[in-house]
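Treat the numbers as computed from the prediction; the structure is a model and nothing was measured.
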Amino acid sequence: MTESEFQEFIITLGYRYNEKSKAAFNTFEGFHSVIVFREAENRYSLRLECAVKSAEDGQKVLGDIRAFHEEHKNYVIKTALKRRCIEVELKMTIDSELDKEQIRALVHLMTVLFKSGRLAPTCRVCARQRKTGVYVIGKELMPVCDACIARKRRLYERRRDMFDKKTQNMAGGIVGAVFGALLGGMINVLLYQIFPVRGIWSVFVVVLSFCGFVVTGRRATRKSAVICEIISALVFILSEYAAMIMETAIMIEREGGGIAVTEAADIINSGLGDMSMLMSGLTEVLVGLVVMAAVGGIYLLKRALTRPTKISKNLL
């Protein structure tokens, strides 16, 4: 089924569809079952927050779930009765009518379990048997009790204020980023002489550049991340050149020629005209740039995961 077909069909089963979370939910005597339309994974995922009332009830509920799995084994990907929830995943086929038939059977199973008296509805966050509402937290739809949603809202407001009230000092941040990158560049020059694995030490350049910007700029953004990456790339390339000169100067000094930095620079400059030496240098630079890009990607991922998560109103 397409998303629009799923939305139109699930409404006929008494479910309400939320476009942001791509999930449908149903409420029955305090239970909130959620069916997520996972088009990218070609499946429909049901989750019910609940707890079994006794070990005997748990065995009977598990038996019902296993019987459903066996009866629809060609279309069921997963069934599970966990301590805090029931999970069922169905295949998404190219036959819309077949999908509807399987979802209809799954909804019937949930209704049977609701009426069995063996389960109690719970909160997704604290897993306690409390009255819950249905909220979209971030992009996920879930049942949460009043106490937990109040705590989440307070946390959201504190973190939102922390992000919104910070002012960025771009000029100071750039100075700090340059200082941090230069410090990382010096570390790269030193490690270049000690360890044969070259290029990967660019991680110090970009990390210290990010740190320098945060310390002096007071707030990091995506724009500042790009600026730090550019500064780091330029400083890293210069530090690689300086490291090669230092390595050559050390070799000259060991052969009794004294400290001859100018002579070493001339040797490196003429050597770069040789294709093999040039390719070796370019390979090290490429490795370093890839490492820095990876660090930048990790930073953006961390930023996305640590930003305050928005919470919707109760959808009930």
Side-chain angles (χ1 to χ4, degrees), residues 7 10-11 13-38 43-62 64-65 78-89 106-107 109-166 219 301-316:
Q7 181 176 356
I10 205 69
I11 291 174
L13 300 180
Y15 279 68
R16 292 169 58 185
Y17 187 74
N18 178 266
E19 293 185 3
K20 182 178 181 180
S21 61
K22 295 185 181 296
F25 68 95
N26 171 266
T27 299
F28 183 88
E29 296 184 357
F31 292 97
H32 305 296
S33 57
V34 178
I35 302 177
V36 183
F37 181 82
R38 300 188 184 281
R43 64 185 60 185
Y44 309 95
S45 298
L46 177 139
R47 182 179 174 114
L48 173 68
E49 306 299 327
C50 63
V52 294
K53 294 183 177 180
S54 68
E56 182 181 354
D57 288 334
Q59 290 300 317
K60 291 180 179 179
V61 171
L62 183 59
D64 291 340
I65 295 173
K78 169 188 175 183
T79 57
L81 172 60
K82 300 183 178 179
R83 187 173 64 87
R84 299 175 59 172
C85 68
I86 292 174
E87 294 181 350
V88 181
E89 293 186 356
L106 178 58
V107 169
L109 170 65
M110 290 299 107
T111 304
V112 171
L113 294 178
F114 296 156
K115 294 179 178 180
S116 68
R118 298 171 185 145
L119 299 174
T122 60
C123 168
R124 166 76 72 89
V125 178
C126 66
R128 296 180 179 176
Q129 297 178 26
R130 293 174 172 174
K131 181 180 179 181
T132 56
V134 178
Y135 302 86
V136 179
I137 300 178
K139 292 185 178 180
E140 187 174 3
L141 189 148
M142 62 181 73
V144 183
C145 68
D146 292 343
C148 289
I149 204 67
R151 285 196 298 271
K152 282 188 170 290
R153 288 195 190 281
R154 288 196 297 270
L155 177 62
Y156 166 76
E157 289 167 2
R158 285 200 299 269
R159 297 182 68 186
R160 180 198 60 196
D161 292 343
M162 181 180 70
F163 274 89
D164 292 347
K165 291 181 179 180
K166 275 187 177 180
R219 180 181 179 184
L301 179 62
K302 179 253 182 188
R303 174 184 166 82
L305 294 176
T306 56
R307 288 191 67 81
T309 303
K310 291 184 178 180
I311 304 171
S312 74
K313 295 180 180 178
N314 190 350
L315 300 181
L316 296 180

(message) Before you tell me yes or no, could you show the steps for Tyr15 and Val107 under side chain to side chain contact (heavy atoms under 4.5 Å, CB included), namely the whole-Å CA-CA distance, both residues' side-chain angles and the distance that decides it to 0.1 Å?
(response) CA-CA 10 Å; Tyr15 279 68; Val107 169; 3.9 Å; yes
(request) Find out whether Leu316 and His32 are in side-chain contact, i.e. whether some heavy atom of one side chain is under 4.5 Å from a heavy atom of the other. (result) yes
(request) State, yes or no, whether a side-chain contact exists between Ile86 and Leu81 at a heavy-atom distance under 4.5 Å. (result) yes
(request) Tell me, please, which residues at least two apart from Glu56 pass salt bridge (Lys or Arg N to Asp or Glu O under 4.0 Å). (result) Lys60
(message) Test your reading of the model: is there a side-chain donor-acceptor pair from Asp57 to the backbone of Val52, 3.5 Å cut-off?
(response) no
(request) Carefully, step by step, assess Arg118 and Asp64 under the rule side chain to side chain contact (heavy atoms under 4.5 Å, CB included). (result) CA-CA 12 Å; Arg118 298 171 185 145; Asp64 291 340; 3.5 Å; yes
(message) Using a 3.5 Å distance criterion without hydrogens, assess whether the side chain of Lys82 forms a donor-acceptor pair with backbone atoms of Glu87.
(response) no
(message) Checking the side chain of Thr122 only, and the main-chain atoms of Cys50 only, is there a donor and an acceptor separated by less than 3.5 Å?
(response) yes
(request) Would you please name every residue forming a side-chain hydrogen bond (donor to acceptor under 3.5 Å, both in side chains) with Lys152, sequence neighbours left out? (result) none
(message) Can you pull out every ring pair (Phe, Tyr, Trp, His ring centres under 6.0 Å) where at least one residue sits in residues 111-149? Sequence neighbours excluded, please.
(response) Phe28-Phe114, Phe31-Phe114
(request) Report the distance from atom CG of Leu48 to atom CG of Leu109, rounding to the nearest 0.5 Å. (result) 10.0 Å
(message) Using 0.5 Å steps for rounding, measure from the NZ atom of Lys53 to the OG atom of Ser116.
(response) 8.0 Å
(request) Answer yes or no: is there a side-chain heavy-atom contact under 4.5 Å between Ser21 and Glu140? (result) no
(message) Within the structure provided, determine whether Met142 and Arg47 are in side-chain contact (heavy-atom separation under 4.5 Å).
(response) no
(message) Quick one: does any side-chain atom of Arg16 pair with a main-chain N or O of Leu315 as donor and acceptor, under 3.5 Å?
(response) yes
(message) With a sphere of 6.0 Å drawn around NZ of Lys139, does it hold more than 12 non-hydrogen atoms of other residues, nucleotides or ligands?
(response) no
(request) State, with a plain yes or no, whether a side-chain heavy atom of Pro143 is found less than 4.5 Å away from one of Phe25. (result) no
(request) Give, for atom CD of Glu29 and atom OG1 of Thr111, the distance between the pair rounded to the nearest 0.5 Å. (result) 10.5 Å
(message) Can you tell me how far apart CG (Asp146) and CG (Asn314) are? Round to the nearest 0.5 Å.
(response) 8.0 Å
(request) Please check if the side chain of Arg84 supplies one atom and the backbone of Arg124 the other of a donor-acceptor pair under 3.5 Å. (result) yes
(message) Is the shortest side-chain heavy-atom distance between Ile149 and Thr132 below 4.5 Å?
(response) no
(message) With rounding to the nearest 0.5 angstrom, report the CD1 to NZ distance, Ile137 to Lys310.
(response) 14.5 Å
(message) Please give me the minimum heavy-atom distance between Cys148 and Cys123, naming the atom from each residue.
(response) SG-SG, 3.8 Å
(message) Just verifying a value: how many Å separate Asn26 CG and Ile11 CD1, rounded to the nearest 0.5 Å?
(response) 12.5 Å
